[in-house]
Structure formats: structure tokens, C-alpha cells
Amino acid sequence: MPAEKKIPRLIFHVDVNSAFLSWTSVKRLQNGESDLRLIPAVIGGDPKKRTSVVTAKSIPAKKYGIRTGEPVSMALQKCPGLYVAPSDFAWYETCSSNFIALCREIAPVLEQFSIDECFLDMTGTGLLYPDPVKTAADLKDRIRDTLGFTVNVGIGDSKLLAKMASDFEKPDRVHTLFRREVPEKMWPLPVSDLLFVGRASSELLEKNGIRTIGDLAQADPAYLKGLVGERAALQYKRAANGIDDSPVLDHPEASKGYSVVTTLEEDVSEREAAHQILKDLADSVSFRMRRDGWKACGVGVKIRSGNFSVRVNRSHQKKLEVPTDLTREICETAISLFDDLWDGKTGLRLLGIQLFDLTKEEAVQLDLFGDSTRREKQHRADEALDAIRLKYGMNAASLGPTGSSSGISRRFRAELEREREKNKDR
């Protein structure tokens, strides 16, 4: 009896182009404002604050040498006319949900990799979608025409190659990268463009004559092992030859918890920049949880380097002594977990926060040092901020580096004080 023929894998990687900036632009256009994608613009915090960093940039801004993760103040030195817009994670999550929903309509299996990218396992869909490139182009165009922002779609026979393909020319493009195309399309690229290879490793490889992905693919294994160690040598060699068998994991959509994840355009390797991003994430996810009336008994942090593979994800969780919905406590816990988890040097492409083990219990353990009074004040402050945001939108109020209200605009400060007084009297 002849062996059953194995169906070739077919993987799409769908990646929103400059997600935060694109999504902010969509909202601005709905309000009759200008499109930030067409001018030098970034998403970032208050330029007057030392901790404010660039989390996304437009293509015109990129021409000035502006980098994701650098201080906003430095970006303004490079481009004095730069437009700086604040983050709006509540809106970003709405855009992300709509984007993922459209992708799910065509994919038997979908793995949401972050807030702005996903893998689709299209293996075995040849009868439904006989032309993968046309299917990808139709999906790309539908997202653009329906939701108002563009994506790149990479097509390959593994997650690695699909992801590499989606990073080719941007924006609004479809690219293929199958194993048979690796020598032509991938090997001529700089070794620094290969997933798994960080900045320090690429500099080391280039210094020792391995300048392209093709050089790496054909490098002597023993020589490579001597440079980067046995484990990295094997990983780099496989990736450079387009070998990857990691599965697309279809996680359930509904889970008992709240989470937010962001993928940055470039690796972040400065602790202050990472802390600021975690603060924004904590602000967003705690607002959503409070809005639904829950408290979290646990906080988790997730990080990922430039390598997308699930094998190198790192996460850290902590069970709390007292359930909380306080932004400041969630922020401080997340930063503490991050500092324990991160080695302080590896460039990070993804950061995320998860709130789990939810409860609606009102009772709070009291201590002997006035902790309950401090928490009650923070609770009233959060409620006041929430009231303003529900009325005027997330951009009406921003938090300071540790979850304080130091970033509230002057326009809304009087209203904030009124809300605090109202909450105090309840």
C-alpha cells in the first residue's frame, strides 16, 4: 500500500504596518484630522519627560534616523518639526480585534502572535483557495478597505519563512519565501536581518567574515560553534537554511483574564524605555479590567526577543497577597517581574502584561501601617481617571512613570479634582 502523500505546509504571517501610528491615524481621519502616516510623526509620551520614548514612527520620520525605543526628546532633536501623538491602547485593542476577526474568516488555524500580527495555518486549503498569493492579496486589500490601515502578508512553508517574507518591502505588500526560494531571496540579505540573530551576535558574525545569511547558511559548523556556542550555532544554521517546524498554535479566544501585548518595530534594550512601555500597558489593561468590575489575584509579564519562535518566549508570574485593580500596584508588580526576568542586555521586540485569577470580592486585607488608606486614595484616583477617559477618550489623561496622575493635561485637571471629590463622598 503506497504511503500517504504529506500535504505541504502553507503559512501566512500578517503584520500591520506601523500599527500604533496607523491606528492612531485611522482615528484622527475619522475625526477629520490629518493622516500621521504622511508626515514625520511618532507615537510617544510627553517630550518634556525624560522617560518618554518612541513606540512607533512613520516612514517620513524614519528618514530622519528616528528609532523605536529612543527618547522622544532625542527624536525631536533629529527632526524639530516632528509630530508626537500619545498612545491609545483601548483604541488599539479595538483595531486589533477587528483585524484578527477578518483573518479568522479565512484561516482554519490562527495564532495571534501579538496585538498587531498573527500566523495563519492555511495548510490543506488548496480547494478553497487555489492561489495563495491571490488569497493573501485579497485579505490585505479587505483589511485596508474595511478597516483603513495596511498590512503586509508573508507566505511560506514555515512560520520562520512567512515572518521573514512579511518583513520584505513595506507597506501594503504580499511576499513569498518558500524553502526553494531561500538561496535567491534570503541568502543575499545581511546576517542581521535573520530572525534569531540579535545585534551583538550579528556584529560578532560580521567581524568574523559572516556578513550575509548565505554566509551563515554555508558556514563551517565547528567554526560557528566556536564563535557563538553550540546551541546558538545549531539554531542559526537551521534558520539560515530556512528550516523551522514550529507549529501554528490556535489558542482559545476567551480566557479568564486580561492581557495586552505589543510588538515594537525595533528591539528595545534600554531599561527605562522598557519600563515606560510596561507602564503604558499596565495603564491600558487595568483600565479595561476595572471597567468590567474585576480584580486580579495575579500579574504576569511576557517578553520576547527578535526571535518569534514560541520556544524562546519568557514569562514570569506572581500571585498577589491582596486582589487588586489599582494601576499603580499592577505597574509596580509588572516592572519588578520584568527586572527579574530580563538579562539587561538582550534586545526585546515584544512586551506584554497579563492579569489572571480574577475575582469580584470587595474585602481587602488590612495591615497596621495605613496601607488600606493609601490604597483607597489610589482607588479614588483611578476611578476619577476612568470617568474622564470614558467621557473624553483614553487620550484625555495619561499616567506618570509609576502609575501616578502626573501626566494629566491642564485642560482636564479641574475635572479630575471634581471626580476625586465625588468619589471621596461616596
Side-chain angles (χ1 to χ4, degrees), residues 13 15 53-54 57 62 65-71 74 113-114 154 156 158-168 170 177 179 181-246 263-275 277 302-315 338-351:
H13 179 257
D15 188 10
V53 298
V54 173
K57 60 185 181 299
K62 187 176 181 179
I66 293 170
R67 296 174 56 87
T68 303
E70 74 176 348
M74 186 179 297
F113 182 59
S114 70
S158 68
K159 290 169 73 174
L160 166 73
L161 296 181
K163 170 68 173 169
M164 289 289 296
S166 70
D167 283 337
F168 291 164
K170 297 182 179 183
L177 182 58
R179 281 286 303 277
E181 297 177 302
V182 164
E184 174 191 355
K185 292 185 176 181
M186 195 169 82
W187 281 1
L189 299 175
V191 70
S192 58
D193 283 1
L194 182 65
L195 294 171
F196 305 97
V197 179
R199 186 180 303 173
S201 295
S202 65
E203 290 175 355
L204 175 64
L205 292 169
E206 290 166 1
K207 183 180 177 182
N208 287 274
I210 300 175
R211 296 182 175 83
T212 67
I213 296 176
D215 293 339
L216 182 58
Q218 300 167 61
D220 178 70
Y223 179 66
L224 196 57
K225 178 181 174 181
L227 289 178
V228 298
E230 183 175 5
R231 183 176 178 180
L234 177 61
Q235 186 182 46
Y236 291 175
K237 192 81 171 173
R238 283 173 57 85
N241 283 284
I243 301 171
D244 168 45
D245 55 7
S246 57
T263 300
L264 303 164
E265 294 176 357
E266 298 171 3
D267 290 358
V268 168
S269 55
E270 297 293 331
R271 191 174 299 274
E272 284 189 0
H275 283 183
I277 293 166
K302 179 179 181 180
I303 65 174
R304 185 182 288 154
S305 65
N307 168 21
F308 73 90
S309 171
V310 294
R311 292 189 295 259
V312 298
N313 285 353
R314 300 188 65 195
S315 61
F338 171 81
D339 287 343
D340 288 342
L341 184 63
W342 187 46
D343 62 12
K345 57 185 179 182
T346 302
L348 301 177
R349 185 63 59 91
L350 178 147
L351 292 165

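Keep in mind that what you see is a predicted model, and the values were worked out from it rather than measured.
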So do [Y] and [X] actually touch side chain to side chain, heavy atoms under 4.5 Å?
X	Y	result
K163	D244	no
I210	L224	yes
I303	L351	yes
R349	R304	no
L161	R179	yes
D167	D193	no

Using 0.5 Å steps for rounding, measure from the [atom1] atom of [X] to the [atom2] atom of [Y].
X	Y	atom1	atom2	value
D215	N208	CG	CG	12.0 Å
K237	D220	NZ	CG	7.0 Å
L160	I243	CG	CD1	10.0 Å
Y236	S202	OH	OG	8.5 Å
D245	K159	CG	NZ	10.5 Å
D339	R271	CG	CZ	4.5 Å

Query raised in the report: So, for W187 and A217, which heavy atoms are closest and what is the spacing to 0.1 Å?
Result: NE1-CB, 3.5 Å
Within 6.0 angstrom of [X] [atom1], more than 12 heavy atoms from elsewhere:
X	atom1	value
K170	NZ	yes
E181	CD	yes
Q218	CD	yes

